[in-house]
Amino acid sequence: MLEIKDLYVNYGNLQIIQGVSMTVKDGEMISLVGSNGAGKTTLLKAISGLKKINSGSIVFDGVDLTKLNPSKIAEHGVVQVPEGRKLFPDMSVQENLELGSYLKGPKQKRKDTLEYVYNMMPDLKVKAKQSAGSLSGGQQQMVAIGRGLMCCPKLLIFDEPSIGLSPLLTDIMFDIIEKVKKDGVTIMLVEQNVQNALKLADRGYVLEQGIISMEGKASDLLQDENLKKAYLGM
Ligand SMILES: Nc1ncnc2c1ncn2[C@@H]1O[C@H](COP(=O)(O)OP(=O)(O)O)[C@@H](O)[C@H]1O
Ligand SMILES: [Mg+2]
């Protein structure tokens, strides 16, 4: 489904992504974990067409994404739930959700998808008319996930959905992501919360200073002594 090969991305003279190769297969859930500043968000921006790449390739279902603009990339079904949610705080919850379905295909299915989102996250239905900015952090993250779902993704990419949330809300968030996966959406989850992210995933990648330092079955990575020492404080 998604195949990234030997990708390099720079900010000016700074090499951020330095030869990353990774794949996400249809129906899989992949976790990409790594510390703050490792380059995770930069990699995701490159996938979504928000950041120009220097070299390498990003191919989704046979289409070269590096030649497309962000909205064309979303049309192909590659959708992001961005870091920091990026909601419109003065607009209502429902308006924020509807913004996710601005493309032609998703717009036609807007009513049904909205119902699907509200069924998955009933809290949002209760708050539909409230301004998004008045919601708690956890609920705002749900709106961001809902907005992503409104775009009818094939591949939904989450950038640190649990950041700033309490352990309880983090669990709720990961439950929602699991449900989305069960409904057939392929998932790429980017997290600093290594334990939780790998527990849910099929496979995992560890990004360190723009380089993939480890990859494999998520359950194997969780047993890896180096990973335990570096990321799980064991
Ligand atoms: N807009 C930018 N301009 C210059 N450098 C940036 C920019 N965005 C991120 N960086 C740098 O790129 C590196 C990786 O950042 P980022 O991809 O946000 O990491 P992560 O998401 O893993 O925390 C950091 O050193 C950061 O300072
Ligand atoms: Mg980031």
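As the structure is a prediction and not an experimental result, all values here were calculated from the model. Read the numbers this way: they start at 1 and go in the same order the structure lists the ligands and their atoms.
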Item to check | The single option from Asp159, Leu44, Val78 passing side chain to side chain contact (heavy atoms under 4.5 Å, CB included) against Met188 | outcome: Leu44

Item to check | Electrostatic pair Glu215-Arg203, nearest N-O below 4.0 angstrom | outcome: no

Checklist entry - With respect to Asp202, which candidate in Lys217, Lys25, Lys181 satisfies the side-chain hydrogen bond (donor to acceptor under 3.5 Å, both in side chains) definition? => result Lys181

Next on the checklist: Given a heavy-atom cut-off of 4.0 Å, could you list the residues near ligand 1 in chain and number order?
Outcome noted: Tyr11, Ile16, Ser35, Asn36, Gly37, Ala38, Gly39, Lys40, Thr41, Thr42

Checklist entry - Can you tell me if Gln18 uses its side chain to pair, donor with acceptor, with the backbone of Gln209 under 3.5 Å? => result yes

Item to check | Minimal non-hydrogen separation, Arg85 against Ile163, with atom names | outcome: NH2-O, 3.3 Å

Next on the checklist: So that I can check it, does any N, O or S atom in Asn36 come closer than 2.8 Å to the Mg ion (ligand 2)?
Outcome noted: no

Item to check | Sequence-distant partners of Lys51, salt bridge (Lys or Arg N to Asp or Glu O under 4.0 Å), two or more places apart | outcome: none

